[in-house]
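Please read these numbers as outputs of a predicted model, since none were measured by experiment.
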Amino acid sequence: MTDKKILFNSAGIGGLVLGGISIAYFLAGILISKAGASVLPALLSGLLWIVKFAGCIMLMKFFMKKYSAAEPGAGNSEVFRFGRLVALFSALLFAAFLLAFSTYINPSYFEDAILTAAQDNPMFNGEMMDMLEEMLPKLPTITFFSQFIYCWLFGTVVAAIFSRNIPSSNPFDNIDEQ
């Protein structure tokens with residue numbers, strides 16, 4: 001029972017950190033977009049995305065190694081299960097934040113995004129705008145599920161890649177000396 005407690009507690013902390021980084025990136029992106037549509041904000045946004053992307057991958061590896069070190073009997077499959085749980089908790093936190101943000105904090109978020117996209121693109125005609133306006137009330141829910149599935153699958157793939165070498169396996173460890 002304590003092994004499951006350790007697994008869920010460690011995965012919860014990892015998910016909280018990774019989800020918090022994704023939320024911070026999202027909020028920073030909103031602040032950067034308020035600066036206008038020039039080259040510097042776009043460059044800063046791209047740089048911030050690269051840092052977030054690489055940072056989350058490295059933090060996932062760090063948490064998986066930390067869990068493996070704390071649980072010496074954990075094999076590759078248990079470390080993968082841990083990474084998958086971290087990805088699940090992180091995805092749930094980020095998707096729930098996006099749902100709360102677009103529903104309660106800034107209900108006009110999607111409407112503003114659609115209007116901004118329509119201003120810059122002549123391809124948006126009246127028919128397309130009518131279709132988007134019909135979809136507008138459903139966008140927070142669609143965003144919740146799409147971000148949850150995307151983040152969890154991405155984290156699961158990263159966990160699968162890293163779990164192959166965590167813990168590092170040495171085939172010569174168990175050779176009996178003769």
Side-chain angles (χ1 to χ4, degrees), residues 1-32 42-106 109-110 138-178:
M1 185 61 116
T2 57
D3 292 337
K4 285 193 182 224
K5 268 186 171 179
I6 292 170
L7 177 75
F8 278 94
N9 285 340
S10 299
I13 290 169
L16 185 64
V17 170
L18 292 175
I21 288 172
S22 296
I23 291 169
Y25 166 74
F26 177 78
L27 293 174
I30 290 175
L31 292 176
I32 290 171
L43 185 64
L44 185 60
S45 180
L47 182 65
L48 193 60
W49 180 84
I50 291 169
V51 168
K52 177 221 169 229
F53 185 76
C56 284
I57 290 173
M58 291 299 110
L59 277 172
M60 176 68 98
K61 184 176 183 179
F62 168 77
F63 285 123
M64 290 173 73
K65 281 186 171 184
K66 185 177 176 183
Y67 176 75
S68 177
E71 293 292 316
N76 298 77
S77 62
E78 189 168 338
V79 172
F80 171 65
R81 186 177 316 124
F82 170 78
R84 205 174 56 205
L85 273 174
V86 170
L88 177 72
F89 292 148
S90 172
L92 186 60
L93 178 66
F94 182 61
F97 171 78
L98 285 179
L99 180 65
F101 181 81
S102 61
T103 305
Y104 300 112
I105 298 171
N106 189 2
Y109 175 72
F110 288 116
K138 299 173 189 167
L139 279 178
T141 307
I142 293 168
T143 302
F144 172 81
F145 286 109
S146 63
Q147 283 299 308
F148 175 71
I149 291 167
Y150 167 75
C151 292
W152 188 42
L153 287 177
F154 180 77
T156 300
V157 169
V158 169
I161 292 169
F162 286 140
S163 70
R164 297 183 68 157
N165 295 321
I166 301 173
S168 58
S169 55
N170 184 354
F172 303 108
D173 274 348
N174 296 329
I175 295 178
D176 293 327
E177 297 182 299
Q178 295 178 1

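- Residue Leu16 holds its CG atom at 10.0 Å from CD1 of Ile21, rounded to the nearest 0.5 Å.
- Rounding to the nearest 0.5 Å places OG of Ser45 at 11.0 Å from CD1 of Ile30.
- The shortest heavy-atom contact between Cys151 and Ala91 is CB-CB, 3.6 Å.
- Considering Lys65, Lys66, Met58, Met60 in turn, Lys66 is the only one that fulfils the side-chain contact (heavy atoms from CB on, under 4.5 Å) rule with Phe62.
- Taking the side chain as every heavy atom from C-beta outward, Phe80 and Arg164 never approach each other to under 4.5 Å.
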As a quick check of understanding, evaluate side-chain contact (heavy atoms from CB on, under 4.5 Å) for Tyr25 and Leu48, giving each step before the final call. CA-CA 7 Å; Tyr25 166 74; Leu48 193 60; 3.8 Å; yes

Can you list the steps and then say if Phe26 with Tyr109 is a ring pair (Phe, Tyr, Trp, His ring centres under 6.0 Å)? CA-CA 12 Å; Phe26 177 78; Tyr109 175 72; 5.7 Å; yes

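- Here the CG atom belonging to Leu153 is positioned 11.0 Å from the CG atom belonging to Leu88, to the nearest 0.5 angstrom.
- For the atom pair CG of Leu7 and CG of Leu85, the computed distance is 5.0 Å after rounding to the nearest 0.5 Å.
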Show which side-chain atoms of residues 92-106 pair as donor or acceptor with protein atoms under 3.5 Å away, not counting sequence neighbours.
from: Ser102; atom 1: OG; to: Leu98; atom 2: O; distance (Å): 2.9
from: Ser102; atom 1: OG; to: Leu99; atom 2: O; distance (Å): 3.4
from: Thr103; atom 1: OG1; to: Leu99; atom 2: O; distance (Å): 2.7
from: Asn106; atom 1: OD1; to: Ser108; atom 2: OG; distance (Å): 3.2

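- At distances below 3.5 Å, not a single donor-acceptor pair connects side-chain atoms of Ser68 with backbone N or O atoms of Met64.
- Ile166 approaches Asn76 most closely through the heavy-atom pair O-ND2, 3.5 Å.
- In this structure, Gly15 and Phe89 approach most closely via the heavy-atom pair CA-CB, 4.0 Å.
- Of the inter-residue distances, the one linking Ile142 atom CD1 with Leu139 atom CG reads 5.5 Å to the nearest 0.5 angstrom.
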Walk me through whether Phe53 and Phe154 qualify under ring pair (Phe, Tyr, Trp, His ring centres under 6.0 Å). CA-CA 11 Å; Phe53 185 76; Phe154 180 77; 5.5 Å; yes

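- Between the side chain of Ser146 and the main chain of Thr143, a donor-acceptor pair closer than 3.5 Å is present.
- For Lys52, the NZ atom is densely surrounded, since the number of other residues' heavy atoms within 6.0 Å is greater than 12.
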